[in-house]
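Below: one structure, written as structure tokens.
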Amino acid sequence: MTLEELRIAAIVPCHNEELTVATVVGDLRKALPTAEIYVYDNNSTDRTSEVAAEAGAIVRYEKRKGKGNVVRRAFADIEADVYLMIDGDDTYDASAAPRLIETLVSGPLDHVVGVRVDTNEDGSYRPGHAMGNKVFNSLTSKLFGEPVTDMLSGYRAFSRRYIKSFPANSQEFEIETELTIHAANLRVPQAEVPIGFKDRPEGSESKLRTFRDGFKILGLLAHLMLHERPLLVCGLFGLLSALVSLVLGVPVIADYLDTGQVERFPTAFLSSSLMVLAFLAAGIGMVLNAVMRATRETRRLFYLQLSA
């Protein structure tokens, strides 16, 4: 099946991108002449929607603030064979769109990530963003067992069954993290494609706040870790509690064997309480793990009901 035979939907989330959205839409139109290009205006206070419409895009609106809310709305509303997501800030190489989609279709795959390759000599990444991205990539790869090179990339291609099985619970910039972990948990076939990345044009302002959004992403990773790997999280907590209990309790037991008396009753009480917590944590982890296993099976069965 050629690209011309596919129903391709390009989704461009935007908030105050008047300076760049026309360029993004124009470049997508050149790269994917048959695609439907949807610009989702997320409470812009400039002429983003007017400029996008003049450039030939289908303009839709999402009043709930945040990129995650835009993606959630777009994935629910749009019907297509292949979905492409790209930011409206003109930092990604829109001409690479056919390469991402061809990789997706020829696989066949369900998820293709455009891994950003800096094309500016002075560097397009802010130092905090580059360091944070590396840390999150390494952390996610180790925690979820799926190699990740650029988990925060906003340039991706998806199959229909990936989109329609994706819950989209995030509200803001954590959406890329959720997309990455959903693919890892569902174990869908996926790939990464290097694409050009450049700095925003002069006068265009980034909406990403390094520390605020970094802590939100870290919080989401912790939440998803507890939700998706409950046995590991509860097991580590139980193991730590048991070790502390033993460190505190062994001297008390030694004293009791020597004197026949419990001379440090508060320490003995704390030690026994920690050991009870350790067993409770292990039990809760096993119960949650069984629930998560059933949830994964349900997700997989729903995913398989959708056509490839």
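Not measured: the values here are computed from a predicted model.
- Residues Ile11 and Val71 have side chains not in contact (no heavy-atom distance under 4.5 Å, counting atoms from C-beta outward).
- Gly88 and Val12 get closest at one heavy-atom pair: CA-CG1, 3.5 Å.
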Let me check something: any side-chain donor-acceptor pairs from residues 179-190 under 3.5 Å, sequence neighbours excluded? List them with distances.
| residue | atom | partner | partner atom | Å |
| --- | --- | --- | --- | --- |
| Thr180 | OG1 | Met151 | O | 3.3 |
| Thr180 | OG1 | Arg156 | NH1 | 3.2 |
| Thr180 | OG1 | Arg156 | NH2 | 3.1 |
| Thr180 | OG1 | Glu176 | O | 3.0 |
| His182 | NE2 | Ser165 | O | 3.4 |
| Asn185 | OD1 | Arg229 | NH1 | 3.3 |
| Asn185 | ND2 | Ile181 | O | 3.3 |
| Asn185 | ND2 | Glu228 | OE1 | 3.3 |
| Gln190 | OE1 | His111 | ND1 | 2.9 |
| Gln190 | NE2 | Glu146 | OE2 | 3.4 |

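- In this structure, CG on Leu248 lies 11.0 Å from CG on Leu243, to the nearest 0.5 angstrom.
- Listed by first then second residue, pairs satisfying salt bridge (Lys or Arg N to Asp or Glu O under 4.0 Å) with a partner in residues 104-115 read Asp110-Arg161, not counting sequence neighbours.
- Distance alone, capped at 3.5 Å, is enough to place a donor-acceptor pair between the Asp93 side chain and the Ser95 backbone.
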Show your reasoning for whether side chain to side chain contact (heavy atoms under 4.5 Å, CB included) applies to Thr298 and Thr295.
CA-CA 5 Å; Thr298 302; Thr295 302; 5.6 Å; no
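- Proximity of Asn69 to Tyr40: side-chain heavy atoms (C-beta onward) are nowhere separated by under 4.5 Å.
- Interatomic distance, CZ of Arg300 versus CD of Glu297, reported as 11.5 Å (0.5 Å rounding).
- No side-chain heavy atom of Val115 sits less than 4.5 Å from a side-chain heavy atom of Ile195.
- Using a 4.5 Å cut-off between side-chain heavy atoms of Ile, Leu, Val, Met, Phe, Trp and Tyr, with links allowed through other members, Tyr155 and Phe197 fall into the same hydrophobic cluster.
- No side-chain donor-acceptor contact under 3.5 Å links Ser153 to the backbone of Val113.
- The CD atom of Glu18 sits 9.5 Å away from atom OG1 of Thr45, with the distance rounded to the nearest 0.5 Å.
- Applying the side-chain contact (heavy atoms from CB on, under 4.5 Å) test between Tyr61 and each of Asp41, Val70, Asn43 identifies Asp41 as the sole match.
- Scanning both residues, Leu32 and Leu84, for their nearest heavy atoms gives CD1-CD2, 4.1 Å.
- The hydrophobic clustering, which links ILVMFWY residues whose side-chain heavy atoms are closer than 4.5 Å, places Leu239 and Phe237 apart.
- Counting only heavy atoms from C-beta outward, the side chains of Lys164 and Glu79 approach each other to under 4.5 Å.
- Side-chain atoms of Glu36 and Tyr38 include a donor-acceptor pair closer than 3.5 Å.
- Taking 4.5 Å as the limit, some side-chain heavy atom of Ile101 sits within range of a side-chain heavy atom of Ile8.
- Rounded to the nearest 0.5 angstrom, Leu104 CG and Leu6 CG are separated by 9.0 Å.
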Tell me, with the steps shown, if Glu192 and Arg116 meet salt bridge (charged side-chain N to carboxylate O under 4.0 Å, His left out).
CA-CA 10 Å; Glu192 296 180 336; Arg116 290 169 288 185; over 6 Å; no
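- Proximity of a side-chain donor or acceptor of Ser245 to a complementary backbone N or O of Ser271 within less than 3.5 Å is detected.
- Leu277 and Val244 fall within a single hydrophobic cluster, where Ile, Leu, Val, Met, Phe, Trp and Tyr side chains are chained together by heavy-atom contacts under 4.5 Å.
- Side-chain contact between Phe166 and Ile175 is present, with at least one heavy-atom pair separated by less than 4.5 Å.
- Annotation for Ile86 and Leu28: closest pair CG2-CD1, 3.9 Å, computed over non-hydrogen atoms.
- A single hydrophobic cluster is not seen to contain both Leu270 and Val252; linkage of ILVMFWY side chains at heavy-atom distances under 4.5 Å, directly or through other members, places them apart.
- Look at Asp81 and Arg7 and you find a salt bridge, because one of the NZ, NE, NH1 or NH2 atoms lies within 4.0 Å of a carboxylate O, short of that distance.
- Under a 3.5 Å cut-off, the side chain of Asp27 and the backbone N or O of Ala94 do not form any donor-acceptor pair.
- Tyr92 and Val193 fall within the same hydrophobic cluster, defined by Ile, Leu, Val, Met, Phe, Trp and Tyr side-chain heavy atoms under 4.5 Å apart, directly or through other members.
- Residues Glu178 and Glu174 form no side-chain contact, since every pair of their non-hydrogen atoms from C-beta on lies 4.5 Å or further apart.
- Taken from CG in Asn16 to CG in Asp46, the straight-line distance is 4.0 Å, to the nearest 0.5 Å.
- Thr48 and Glu17 form no side-chain donor-acceptor contact under 3.5 Å, judged by distance and modelled atom types alone.
- Here the closest heavy-atom approach between residue Ser241 and residue Leu274 is recorded as OG-O, 2.6 Å.
- A salt bridge is defined here as a Lys NZ or Arg NE, NH1 or NH2 lying under 4.0 Å from an Asp or Glu carboxylate O, and Arg64 with Glu172 fails to meet this definition.
- Across Arg29 and Gly56, no two heavy atoms sit closer than the pair NH2-O, 3.6 Å.
- Between Ile58 and Val39, the closest side-chain pair of non-hydrogen atoms is not below 4.5 Å.
- A distance-only check finds a donor-acceptor pair linking the side chain of Arg99 to the backbone of Pro194 [under 3.5 Å].
- Checked against a 6.0 Å centroid threshold, the rings of Phe158 and Phe75 count as neighbours.
- The line from OG of Ser49 to CD of Glu54 is 9.5 Å long, rounded to the nearest 0.5 Å.
- Taking a cutoff of 4.0 Å between a charged side-chain nitrogen and a carboxylate oxygen, Lys198 and Asp90 qualify as a salt bridge.
- The minimum heavy-atom distance linking Ser44 with Cys14 is given by the pair OG-O, 3.9 Å.
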Before giving the answer on side chain to side chain contact (heavy atoms under 4.5 Å, CB included), spell out for Lys67 and Asn42 the whole-Å C-alpha distance, their side-chain angles and the decisive distance to 0.1 Å.
CA-CA 8 Å; Lys67 184 178 179 180; Asn42 188 214; over 6 Å; no
